[in-house]
Amino acid sequence: MQALRPRRPDDLWEFIVEHPFHARVVARLQATGFYTIFELGRMQLDWSLITALVERWRPETHTFHLPTGEATIALEDVQVVYGLRVDGWVMALPQYIRSMMRAQFLDMMGHFTGYRPQGDAGGSRVALSAIRDHMVVLHPDITGETEDLQIKR
(Lines give C-alpha, C1' and ligand atoms only; values in the text may rest on other atoms or scores of the structure.)
Protein backbone atom coordinates (compact mmCIF):
# COMPACT_ATOMS: atom_id res chain seq x y z
CA MET A 1 0.00 0.00 0.00
CA GLN A 2 1.28 3.48 -0.88
CA ALA A 3 2.09 5.75 2.05
CA LEU A 4 -0.16 8.78 2.61
CA ARG A 5 1.79 11.91 1.65
CA PRO A 6 -0.29 14.97 2.49
CA ARG A 7 0.52 18.36 0.99
CA ARG A 8 0.90 21.32 3.29
CA PRO A 9 -0.66 24.44 1.74
CA ASP A 10 0.12 26.72 4.72
CA ASP A 11 2.43 29.10 2.83
CA LEU A 12 -0.07 29.64 0.02
CA TRP A 13 -2.95 30.28 2.46
CA GLU A 14 -0.83 32.72 4.48
CA PHE A 15 -0.07 34.64 1.28
CA ILE A 16 -3.75 34.76 0.31
CA VAL A 17 -4.73 36.06 3.76
CA GLU A 18 -2.01 38.72 3.68
CA HIS A 19 -2.72 39.77 0.06
CA PRO A 20 -6.48 39.89 -0.65
CA PHE A 21 -7.53 39.36 -4.26
CA HIS A 22 -8.34 42.34 -6.46
CA ALA A 23 -12.12 42.86 -6.84
CA ARG A 24 -11.94 41.78 -10.49
CA VAL A 25 -10.28 38.49 -9.53
CA VAL A 26 -12.90 37.93 -6.81
CA ALA A 27 -15.68 38.53 -9.35
CA ARG A 28 -14.10 35.99 -11.73
CA LEU A 29 -13.74 33.38 -8.97
CA GLN A 30 -17.35 33.95 -7.92
CA ALA A 31 -18.53 33.55 -11.52
CA THR A 32 -16.76 30.19 -11.79
CA GLY A 33 -17.99 29.02 -8.38
CA PHE A 34 -14.49 28.59 -6.92
CA TYR A 35 -14.60 31.54 -4.53
CA THR A 36 -16.28 29.44 -1.83
CA ILE A 37 -12.98 27.60 -1.35
CA PHE A 38 -11.32 30.90 -0.42
CA GLU A 39 -14.22 31.84 1.83
CA LEU A 40 -13.76 28.59 3.74
CA GLY A 41 -10.08 29.34 4.23
CA ARG A 42 -7.49 26.88 5.33
CA MET A 43 -9.14 23.90 6.96
CA GLN A 44 -7.58 22.22 9.97
CA LEU A 45 -7.22 18.57 9.07
CA ASP A 46 -7.62 15.75 11.55
CA TRP A 47 -4.68 13.52 10.59
CA SER A 48 -5.80 10.71 12.91
CA LEU A 49 -9.20 10.62 11.22
CA ILE A 50 -7.61 10.65 7.76
CA THR A 51 -5.31 7.77 8.74
CA ALA A 52 -8.26 5.81 10.13
CA LEU A 53 -10.23 6.35 6.92
CA VAL A 54 -7.27 5.29 4.77
CA GLU A 55 -7.05 2.06 6.77
CA ARG A 56 -10.75 1.40 6.19
CA TRP A 57 -10.77 2.17 2.45
CA ARG A 58 -11.52 -0.74 0.13
CA PRO A 59 -10.35 0.05 -3.41
CA GLU A 60 -12.24 -2.92 -4.90
CA THR A 61 -15.60 -1.39 -3.95
CA HIS A 62 -14.56 2.28 -3.61
CA THR A 63 -16.07 2.38 -0.14
CA PHE A 64 -15.04 2.84 3.48
CA HIS A 65 -15.81 -0.19 5.66
CA LEU A 66 -17.02 1.26 8.96
CA PRO A 67 -18.53 -0.42 12.03
CA THR A 68 -21.92 0.97 10.98
CA GLY A 69 -21.64 -0.32 7.40
CA GLU A 70 -20.19 0.78 4.07
CA ALA A 71 -19.89 4.45 3.14
CA THR A 72 -18.56 6.37 0.18
CA ILE A 73 -18.02 10.01 -0.70
CA ALA A 74 -20.30 11.19 -3.49
CA LEU A 75 -20.01 14.22 -5.72
CA GLU A 76 -22.97 15.73 -3.88
CA ASP A 77 -20.96 15.53 -0.62
CA VAL A 78 -18.28 17.69 -2.22
CA GLN A 79 -20.99 20.14 -3.26
CA VAL A 80 -22.33 20.38 0.30
CA VAL A 81 -18.90 20.77 1.95
CA TYR A 82 -17.30 23.17 -0.56
CA GLY A 83 -20.29 24.79 -2.21
CA LEU A 84 -18.95 23.83 -5.63
CA ARG A 85 -21.41 23.26 -8.43
CA VAL A 86 -21.74 19.68 -9.60
CA ASP A 87 -24.11 20.30 -12.47
CA GLY A 88 -23.65 22.16 -15.72
CA TRP A 89 -20.61 21.93 -18.00
CA VAL A 90 -18.16 19.13 -17.25
CA MET A 91 -14.44 19.73 -16.89
CA ALA A 92 -12.80 16.56 -18.15
CA LEU A 93 -9.21 15.45 -18.45
CA PRO A 94 -8.80 14.09 -21.99
CA GLN A 95 -6.88 10.84 -22.26
CA TYR A 96 -4.04 12.43 -24.23
CA ILE A 97 -3.24 14.76 -21.34
CA ARG A 98 -2.53 11.75 -19.14
CA SER A 99 0.21 10.64 -21.52
CA MET A 100 1.89 14.05 -21.82
CA MET A 101 5.53 14.49 -20.96
CA ARG A 102 6.22 16.97 -18.15
CA ALA A 103 7.43 19.69 -20.56
CA GLN A 104 4.25 19.37 -22.63
CA PHE A 105 2.10 19.59 -19.49
CA LEU A 106 3.98 22.69 -18.29
CA ASP A 107 3.64 24.30 -21.73
CA MET A 108 -0.11 23.73 -21.61
CA MET A 109 -0.26 25.13 -18.08
CA GLY A 110 1.63 28.21 -19.26
CA HIS A 111 -0.78 28.68 -22.16
CA PHE A 112 -3.91 28.54 -20.00
CA THR A 113 -2.64 30.25 -16.84
CA GLY A 114 0.21 32.46 -18.00
CA TYR A 115 2.46 30.62 -15.52
CA ARG A 116 4.96 27.92 -16.40
CA PRO A 117 6.78 26.67 -13.30
CA GLN A 118 10.43 25.80 -13.49
CA GLY A 119 12.06 22.98 -11.60
CA ASP A 120 11.87 19.25 -11.50
CA ALA A 121 8.89 18.20 -9.36
CA GLY A 122 8.11 15.33 -11.75
CA GLY A 123 4.95 14.34 -13.56
CA SER A 124 2.17 16.88 -13.49
CA ARG A 125 2.91 17.99 -9.91
CA VAL A 126 3.52 21.64 -9.21
CA ALA A 127 4.79 22.82 -5.84
CA LEU A 128 2.40 25.16 -4.00
CA SER A 129 5.41 27.25 -3.00
CA ALA A 130 6.13 27.87 -6.71
CA ILE A 131 2.54 29.06 -7.23
CA ARG A 132 2.85 31.33 -4.19
CA ASP A 133 6.12 32.77 -5.51
CA HIS A 134 4.43 33.48 -8.85
CA MET A 135 1.49 35.17 -7.12
CA VAL A 136 3.90 37.44 -5.20
CA VAL A 137 5.08 38.83 -8.54
CA LEU A 138 1.67 38.83 -10.25
CA HIS A 139 -0.47 40.23 -7.42
CA PRO A 140 0.67 43.90 -7.43
CA ASP A 141 0.26 44.13 -11.21
CA ILE A 142 -3.52 43.53 -11.14
CA THR A 143 -5.45 46.78 -11.45
CA GLY A 144 -8.78 48.00 -12.76
CA GLU A 145 -7.15 48.32 -16.20
CA THR A 146 -5.65 44.82 -16.34
CA GLU A 147 -6.71 42.91 -19.47
CA ASP A 148 -9.54 40.39 -19.04
CA LEU A 149 -7.28 37.56 -20.26
CA GLN A 150 -4.91 38.18 -17.34
CA ILE A 151 -7.81 38.19 -14.86
CA LYS A 152 -9.10 34.88 -16.29
CA ARG A 153 -5.65 33.36 -15.98
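- By the 6.0 Å contact criterion, CD on E147 is open, its count of non-hydrogen atoms from other residues, nucleotides or ligands being 12 or less.
- Qualifying side chain to side chain donor-acceptor pair (under 3.5 Å) partners for T68, counting only residues two or more places apart in sequence or in other chains: none.
- Looking at residues two or more places apart in sequence or on another chain, you find no side chain to side chain donor-acceptor pair (under 3.5 Å) involving R56.
- Of the possible donor and acceptor atoms, one in the side chain of T72 sits under 3.5 Å from a partner among the backbone N and O of H62.
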Listing, residues 24-38 side-chain donor-acceptor contacts under 3.5 Å, not counting sequence neighbours, or none:
from : atom 1 : to   : atom 2 : distance (Å)
R24  : NH1    : T143 : O      : 3.3
R24  : NH1    : G144 : O      : 3.2
R24  : NH1    : T146 : O      : 2.5
R24  : NH2    : T146 : O      : 2.9
R24  : NH2    : D148 : OD1    : 2.7
T32  : OG1    : R28  : O      : 3.4
T32  : OG1    : L29  : O      : 3.0
T36  : OG1    : Y82  : O      : 2.6

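- Legend: residues meeting side chain to side chain contact (heavy atoms under 4.5 Å, CB included) with L49, ordered by chain and number and at least two apart, are D46, L53.
- Under the 3.5 Å distance criterion, the side-chain polar atoms of E55 are left unmatched by any main-chain donor or acceptor of A52.
- Taking 4.5 Å as the limit, every side-chain heavy atom of I142 sits out of range of all side-chain heavy atoms of F21.
- In the displayed structure, I73 atom CD1 is contacted under 6.0 Å by at most 12 heavy atoms of other residues, nucleotides or ligands.
- D77 pairs by the side chain to side chain donor-acceptor pair (under 3.5 Å) definition with nothing, not counting sequence neighbours.
- The salt bridge (charged side-chain N to carboxylate O under 4.0 Å, His left out) contacts involving residues 104-113 comprise D107-R116, where partners must be two or more places apart or lie in separate chains.
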